[in-house]
Structures are given as C-alpha cells and as structure tokens.
*Asks:* 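One structure, pasted below without further comment.
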Amino acid sequence: MTRDGGPADRWAVAVADDGSARYCPLTREGAAAAEPRTAPDVAGALRAAPPATRWVWRSTAEVAPPATGVHVARCHDVEAAEAVLLGHEGAFGEPRGLPAAFARLRGLPVPADRPAAAPGEGQPSLFEGAGLFGGAGRPGLPPGTDPLGALLEVYGGQLRRTAATRHPGRLTLLLAAESAGMLVAAEMDAAGLPWRADVHLALLDELLGPAPPGGLEPRRLTELAAEVSAAFGFRVRPDLPAQVLAAFRKAGFPVRSTRSWELRQLDHPAVAPLLEYKRLYRVHTAHGRAWLRSWVHEGRFRARYVPGGAASGRWTTNGGGALQIPRVVRRAVRADPGWRLVVADAAQLEPRVLAAVSGDPALAEVAGQDGDLYAALSRRLFAGDRERAKLAVLGAVYGQTSGEGLRHLAELRARYPLAVRYVDDAAEAGERGRLVRTHLGRTCPPADAGAGDAGSADAFPESGEAPAGRGAAARARGRFTRNFVVQGSAAEWALLMLAALRRSLAGTPAELVFFQHDEVIVHCPAEQADAVSEAVRAAGEAAGRLAFGPSPVRFPFTVAVVESYADAKG
DNA sequence: TGGACCGGCGCC
DNA sequence: AAAGGGCGCCGGTCCA
C-alpha cells in the first residue's frame with residue numbers, strides 16, 4: 001500500500017465538467033511520464049492503467065470509485081493530503097481545495113473551498129462558489145488552466161513539501177493512509193450496513209408501544225410521562241430539563257442537573273419512570289421511525305463517512321449518526337441469509353498505542369501479549385485489581401485531575417515513566433501553546449481554531465507559574481493535546497488496519513460495511529467468516545508494524561462471528 | 001422563520 | 001467544590 005515499485009505505478013486522472021477524464025502515467029517526481037490521453041469517462045481511464053496503480057486525483061468523492069465498477073488498489077487524494085499538509089505546516093484556516101492549493105503555488109488570490117454538498121445530493125447548488133473563477137457552480141481554477149496540469153503541479157508540490165519535513169517517511173505513510181481511508185469510506189458509503197427495517201420496527205413496537213397515528217408521541221412515553229407527573233403530584237414534562245429541575249427542587253432535592261447519573265442517586269418515586277422515559281425518548285428521537293425512513297433503504301443503512309472529520313484524525317459521519325448506533329437497536333443489523341457479520345473490536349487499543357508510540361519498554365512488554373491488557377497490568381501494579389489498572393491508564397490518556405484515579409496514575413507514572421511522560425509532555429506542550437503532533441505527523445489544530453473560548457494558550461504565556469496557576473482554559477487545552485497524541489495515533493493505526501484489510505478482502509465477496517474508531521464489521525458468506533477473522537487479525541498486526549516500526553506491542557482483536565450485531569458482545 | 005446555543009445522551 | 005478526551009444528534013429556548 002505504501003511501497004511504490006516504480007515510477008509507472010502512479011498515474012493521475014482529472015475529471016472534466018462533461019465527465020470525460022484526462023489521464024497519464026507519472027514519473028517519481030509526479031510529472032507526466034507520457035502524453036496525457038482522454039477517456040470518455042473515469043472508468044475508461046481507470047481501466048487503462050495496471051491494476052496495482054496508485055491513482056492521483058483531486059478527490060475521491062469526485063472520482064467516486066465505486067460507481068466506476070473498477071477496483072482501485074491505491075490512490076493519492078490531493079485534497080485530503082492538502083488538509084493534512086496544511087495542518088502540518090500550521091496553516092489550519094487555509095482552504096484545502098485543489099484550486100486553492102494551485103493558487104497558493106502560483107501566488108494567485110486563493111479561492112474559498114466549495115461548501116460541503118447538501119445532505120442527500122452531491123451536486124453543489126447553483127450559487128455556491130460563484131466567487132473567484134467560479135465557473136460551473138464550483139470554485140474553479142483560473143480560466144484556461146488545464147485541470148490535469150494543475151493537479152500534477154499541486155501533487156508535485158505536495159511531494160516536495162512532504163520530503164522537506166522532519167519525518168518524511170511517516171508523513172508519506174500518513175498521506176497514503178488518509179487516501180486509503182477515503183477509498184474505504186467511499187466503498188462503505190456505497191455498500192451500506194445491512195439493516196432489517198422489519199426487525200427495527202418490531203423493536204420500536206416492543207419498546208415504545210405500537211405506532212400511534214399521525215406522528216403522535218408513542219404510547220409508552222405518554223404513560224411514563226404520566227407516572228412522572230403523578231409522582232410529583234403535578235404536571236411535569238420529562239423532556240424539559242428546567243421543569244424537571246424545578247420539580248425536584250420543590251420536592252426538596254437540590255439537584256444541579258437532570259443528568260441520569262445524578263438523578264439515579266435520588267430517593268424519589270419520579271426517578272425510575274423518568275430514567276426510563278429518557279432512555280426510550282432517546283431511542284424514539286434518535287433512532288425511531290423517522291430515522292428509519294430517512295436512512296434505511298433497500299435493506300441498508302448508508303452513512304456518509306468523513307475520514308479525518310475530527311481533529312485527531314478520527315472519522316465522523318454526516319447525518320444518520322452511524323458512529324452512535326445505540327446497543328438496543330443493533331438487533332436490526334443482520335447479515336443476509338447464509339452470510340455472517342464478522343464484528344472485530346481492537347482490544348484496549350489506546351494503551352497499546354501509548355505503549356508503542358512512547359517506546360516505554362516496560363509497558364510495551366505488558367502490551368506484548370494478546371490477553372486483556374488491563375488484567376496483565378493489574379498483575380504487575382495493582383494487586384490484580386483490573387479496575388484500578390484501567391482507571392490509571394484512562395487517567396493518563398484523558399488527563400485525570402482528581403480522586404482515586406490521580407493516585408493510581410501516580411503509581412503508573414512510577415512504574416512506566418516513559419509512557420506517562422509521553423502524554424505529560426503533550427499536555428504541557430498544549431498548555432504552553434506549542435505544536436503537538438501524532439506519531440505519523442497529524443498536527444493538533446490551535447486552540448482557537450475550534451470551539452469558542454476553549455482558550456488560547458497564548459493568553460497564558462510561560463510565566464513560571466505552576467501548572468495549577470495557569471488558567472482553566474490552558475489546562476483544558478493540555479487535556480486536549482494529551483489525549484490528541486494517543487487518540488490521533490490510534491486513528492492512524494486504524495487507517496492502516498483498514499487499508500490492509502481492504503486489500504486482503506479485494507476480489508472476494510466479503511464487504512467492509514462498518515468502521516467505528518477501533519471496530520470493523522465485515523459482511524461475508526458464512527463459510528468465509530473464519531478467513532475474514534484471520535484477515536482482520538493480520539491487518540491489525542500489519543498496521544502496528546507499519547505505523548510504529550519494530551515493537552513487541554501486539555494489536556489483537558476481539559472477534560465475533562454473528563448473524564446479528566447485537567450478538568457481538570461489544 | 002432560521003440560526004446559534006444548550007442540556008442531555010448515544011457511541012468510541 | 002469539582003476537577004477525563006473526542007464526536008453527532010435531538011428537541012428545546014433564545015434572539016435577530
């Protein structure tokens with residue numbers, strides 16, 4: 001996936017407005033190695049090159065590989081790469097589109113990116129991108145520019161920018177992984193997750209009562225709301241936190257919020273129906289009949305994955321909430337008759353990643369076995385108390401600041417100083433406003449690039465103050481960057497794992513249908529399930545070696561072969 | 001009327 | 001006194 005055997009195994013293709021495609025093989029430096037040719041459509045271009053070709057293109061979404069019917073082994077998605085490179089260069093606000101990248105190279109005014117396609121349709125509206133050079137509804141290249149030429153110019157520039165970094169090999173790997181992720185995402189979007197609407201509807205009937213006509217509130221919710229009101233002695237709408245809060249206070253319970261964990265501790269008859277109401281209300285609003293109508297068609301739930309959608313490199317989705325499928329509705333995710341779902345969950349991924357990236361030999365030794373990492377850790381450090389071991393690790397990764405966890409963390413620090421120092425350093429860098437990168441080089445956006453006043457660390461310059469003396473915003477920033485290096489490096493492992501798995505499933509009937517941070521689902525014929533399970537395990541180990549180099553750390557999966565997603569333990 | 005924000009909760 | 005990171009989505013409220 002990352003080894004380019006020779007110059008001619010990279011080709012480039014540019015899609016014109018009329019759907020035709022200009023393409024050519026490339027030299028090592030990314031220049032045209034032969035006179036470009038034109039095919040009437042993308043598929044024609046893709047068929048012209050050898051099967052193992054790495055295709056360089058503007059964006060995977062534009063080429064839409066699944067729609068061409070041609071298997072693409074590898075690609076370099078220029079716009080995805082541009083986003084990573086801009087981040088690495090500290091230019092987070094810059095547009096990442098090909099026209100913008102081209103303009104930066106040429107010193108021209110930089111056009112804004114094309115807005116994301118409206119949900120449901122891929123076509124930008126007539127008005128979008130009507131600014132600079134905005135030809136046929138999208139921000140374009142300067143008039144008269146050859147799209148393939150511009151693509152190659154930007155690509156060549158990316159190769160040079162990558163080579164100029166401190167760890168060009170790592171960044172090259174990250175760009176390849178990100179592009180592989182774009183391919184996987186496009187294919188999973190097209191395949192969809194097998195989803196039985198009939199099972200889902202039966203489940204809703206069971207939980208909420210039969211569907212009331214006209215979109216009224218499900219019967220069970222109405223009943224529970226009545227129970228809540230009865231318990232208080234006056235009408236309370238359970239879906240209005242302010243009302244619930246007032247009701248509890250009136251009853252003599254000084255609660256601060258209506259969060260479930262807080263209500264659970266109260267001794268009041270309204271609590272039980274209220275908690276049940278919250279649980280069912282959530283199912284109703286987030287994964288009820290309306291969701292089913294919007295998102296499940298022809299037996300598949302088609303999400304729209306956004307690789308790298310989160311700052312850490314984790315994926316997000318656009319609508320449908322594919323990464324938040326509640327456990328209760330997983331019953332509706334069912335393999336086709338005669339097929340199975342291979343549900344594979346990377347076991348204790350984040351501590352394993354921490355062991356690998358930090359190079360802590362003692363922790364690597366613990367992570368060098370396939371068994372439960374927390375149990376193994378607890379045998380060495382916490383007298384066999386797995387929960388304490390887990391709390392200590394999570395405290396290190398998330399930035400524990402108080403309580404039991406903090407003491408456990410201190411013990412962890414004493415025994416595994418390199419591992420804990422790795423995340424402590426990331427936290428300190430964040431607090432001081434310095435750059436923080438993942439193992440392969442994905443760079444943490446600055447504090448002010450995201451949510452509101454998350455707090456620019458610059459507001460708290462190194463003043464010699466103890467960390468406790470710095471602002472709360474700086475400490476929050478430290479927790480963010482502390483977690484970023486682990487979560488982000490784990491996301492890189494996951495990308496490489498996906499890429500390896502995709503490659504080993506190519507040409508078989510098996511299809512990757514789901515990915516969620518550290519978990520994949522492959523849908524395959526029953527007789528293929530064992531081979532797929534093995535392929536997943538192999539992909540995990542390969543990803544570990546590729547991402548982190550030689551290391552004793554193992555990356556095992558918990559694998560379940562099931563007919564329903566609900567039957568995988570999770 | 002629509003956007004921004006919030007409380008709350010689902011997943012990792 | 002409280003003190004864990006990342007997301008998306010819902011329905012609500014507030015406000016222009």
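When reading the values below, keep in mind they use all heavy atoms of this one structure, side chains included, and skip hydrogens, waters and symmetry mates.
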*Asks:* Side-chain N or O of A:R314 less than 4.0 angstrom from OP1 or OP2 on C:dG6?
*Replies:*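 False: A:R314 side-chain N/O out of range (4.0 Å or more) of C:dG6 OP1/OP2.
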*Asks:* Less than 4.0 angstrom between a side-chain N/O of A:K278 and OP1 or OP2 of B:dC9, yes or no?
*Replies:*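 Indeed, a polar side-chain atom of A:K278 lies that close.
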*Asks:* Evaluate side-chain contact (heavy atoms from CB on, under 4.5 Å) for A:V393 paired with A:Y374, printing each intermediate quantity in order.
*Replies:* CA-CA 8 Å; A:V393 169; A:Y374 297 124; 3.9 Å; yes
*Asks:* Taking the C1' atom of each, how far is C:dA2 from B:dG10, in whole Å?
*Replies:*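 Their C1' atoms lie roughly 25 Å apart.
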*Asks:* What about A:R282: does its side chain form a donor-acceptor pair under 3.5 Å with the base of C:dC10?
*Replies:*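 Counting by modelled atom types and ignoring angles, no donor-acceptor contact under 3.5 Å is found here.
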*Asks:* What is the distance, rounded to the nearest whole Å, between atom CZ of A:R482 and atom C1' of C:dA3?
*Replies:*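 Computing the A:R482:CZ to C:dA3:C1' distance gives 14 Å.
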*Asks:* Tell me: OH of A:Y277 to C1' of C:dC10, nearest whole Å?
*Replies:*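 Nearest whole value for this atom pair: 12 Å.
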*Asks:* Atom CG of A:L263 and atom C1' of B:dG7: how far apart are they, to the nearest Å?
*Replies:*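 Value for this atom pair: 12 Å.
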*Asks:* Applying a 4.0 Å non-hydrogen cut-off, can you work out what A:R256 is touching in the nucleic acid: base, sugar-phosphate, or nothing?
*Replies:*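 No contact.
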*Asks:* Quick check: do A:R170 and A:E492 have side-chain heavy atoms less than 4.5 Å from each other?
*Replies:*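 A side-chain contact is absent here, since even the closest heavy-atom pair is not under 4.5 Å.
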*Asks:* How is A:Y281 classified with respect to the nucleic acid when contacts are heavy atoms under 4.0 Å: base, sugar-phosphate, or nothing?
*Replies:*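 The residue A:Y281 makes sugar-phosphate contact but no base contact.
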*Asks:* Are A:T258 and B:dG7 close enough that a side-chain N or O sits under 4.0 Å from OP1 or OP2?
*Replies:*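 Checking A:T258 against B:dG7: no side-chain N or O falls below 4.0 Å of OP1 or OP2.
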*Asks:* What's A:A311 touching, base or sugar-phosphate or nothing? Going by heavy atoms closer than 4.0 Å.
*Replies:*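 The residue A:A311 makes sugar-phosphate contact but no base contact.
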*Asks:* Atom CH2 of A:W295 to atom P of C:dC9: distance rounded to whole Å?
*Replies:*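 Checked: the CH2 to P distance equals 7 Å.
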*Asks:* With rounding to whole Å, what would you report as the distance between C:dA1 and B:dC9 at their P atoms?
*Replies:*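 These two P atoms come out 25 Å apart once rounded.
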*Asks:* Just say parallel, tilted or perpendicular for the rings of A:W291 and A:H287, cut-offs at 30° and 60°.
*Replies:*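 A:W291 and A:H287: tilted rings.
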*Asks:* Assign each of A:L391 and A:A286 to its nearest nucleotide of DNA chain C by heavy atoms, then name whichever residue's nucleotide is nearer the 5' end.
*Replies:*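 Between the two, 5'-proximity favours A:L391.
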*Asks:* If you only use heavy atoms from C-beta on, which nucleotide in C:dG4, C:dC10, B:dC11 is closest to the side chain of A:T285?
*Replies:*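 Output: C:dC10.
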*Asks:* For the side chain of A:D239, starting at C-beta, report the closest nucleotide among C:dC9, B:dG8, C:dG11.
*Replies:*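 The answer is C:dG11, which lies nearest to the side chain.
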*Asks:* Using whole Å, what does the distance between atom C1' of nucleotide C:dG5 and atom CG of A:L354 come to?
*Replies:*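 Atom-to-atom, A:L354 to C:dG5, this comes out as 14 Å.
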*Asks:* Rounded to the nearest Å, what distance is computed from the NE2 atom of residue A:H284 to the P atom of nucleotide B:dG8?
*Replies:*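 After rounding, the reported distance stands at 20 Å.
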*Asks:* Within less than 4.0 Å of OP1 or OP2 of C:dG6, is there a side-chain N or O belonging to A:T316?
*Replies:*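 It does not, given that no N or O in the side chain of A:T316 lies less than 4.0 Å from OP1 or OP2 of C:dG6.
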*Asks:* Nearest to the side chain of A:R259 - B:dC12, C:dG4, B:dG8?
*Replies:*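 The answer is B:dG8.
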*Asks:* Just how far, in rounded Å, is P of B:dC9 from CG of A:L240?
*Replies:*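 A:L240 atom CG is separated from B:dC9 atom P by 14 Å.
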*Asks:* A:G309 near the nucleic acid: base, sugar-phosphate alone, or nothing, with a heavy-atom cut-off under 4.0 Å?
*Replies:*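 Nothing: the residue A:G309, judged by heavy atoms under 4.0 Å, touches no strand.
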*Asks:* Counting side-chain heavy atoms from CB outward, which of B:dG10, C:dG5, B:dC12 is closest to A:P326?
*Replies:*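 When the side chain of A:P326 is considered, B:dG10 is the closest of B:dG10, C:dG5, B:dC12.
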*Asks:* Is it the case that more than 12 heavy atoms not belonging to A:R219 sit under 6.0 Å from its CZ atom?
*Replies:*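 No, CZ of A:R219 has 12 or fewer neighbouring heavy atoms, counting only those of other groups under 6.0 Å.
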*Asks:* If you look at every strand shown and take non-hydrogen atoms under 4.0 Å, does A:L349 touch a base, only sugar-phosphate, or nothing?
*Replies:*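 Touches nothing.
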*Asks:* Please check the phosphate of C:dG12 (OP1 and OP2 only) for any side-chain N or O of A:R237 closer than 4.0 Å.
*Replies:*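 Answer yes for this pair, as a side-chain N or O of A:R237 is under 4.0 Å from OP1 or OP2.
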*Asks:* Ignoring the backbone of A:Q324, work out which of B:dC9, C:dC9, B:dG8 is nearest its side chain.
*Replies:*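 It is C:dC9.
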*Asks:* Please confirm whether A:H268 and A:F232 have ring centers closer than 6.0 angstrom.
*Replies:*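 When the ring centroids of A:H268 and A:F232 are compared, they turn out to be within the sub-6.0 Å range.
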*Asks:* Just by distance, no angles: are the side chains of A:R235 and A:S229 close enough, under 3.5 Å, to form a donor-acceptor pair?
*Replies:*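 Side-chain D/A pair, A:R235 to A:S229: absent.
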*Asks:* Base, sugar-phosphate, or nothing: which does A:Q487 touch, judged by heavy atoms less than 4.0 Å apart?
*Replies:*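 The residue A:Q487 makes base contact.
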*Asks:* Applying salt bridge (charged side-chain N to carboxylate O under 4.0 Å, His left out), run through A:K278 and A:E262 and close with a yes or a no.
*Replies:* CA-CA 13 Å; A:K278 283 168 175 286; A:E262 188 165 355; over 6 Å; no
*Asks:* Rounded to whole angstrom units, what separation is found between the OH atom of A:Y398 and the P atom of B:dC12?
*Replies:*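 Roughly 11 Å, once rounded to whole Å.
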*Asks:* What does A:L406 touch in the nucleic acid at a heavy-atom separation under 4.0 angstrom: a base, only the sugar-phosphate, or nothing?
*Replies:*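 The residue A:L406 makes no contact with any strand.
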*Asks:* Categorize A:S312 for me: base, sugar-phosphate, or nothing, with a 4.0 angstrom heavy-atom threshold over every strand shown.
*Replies:*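 The answer is nothing, as A:S312 stays clear of every strand by at least 4.0 Å.
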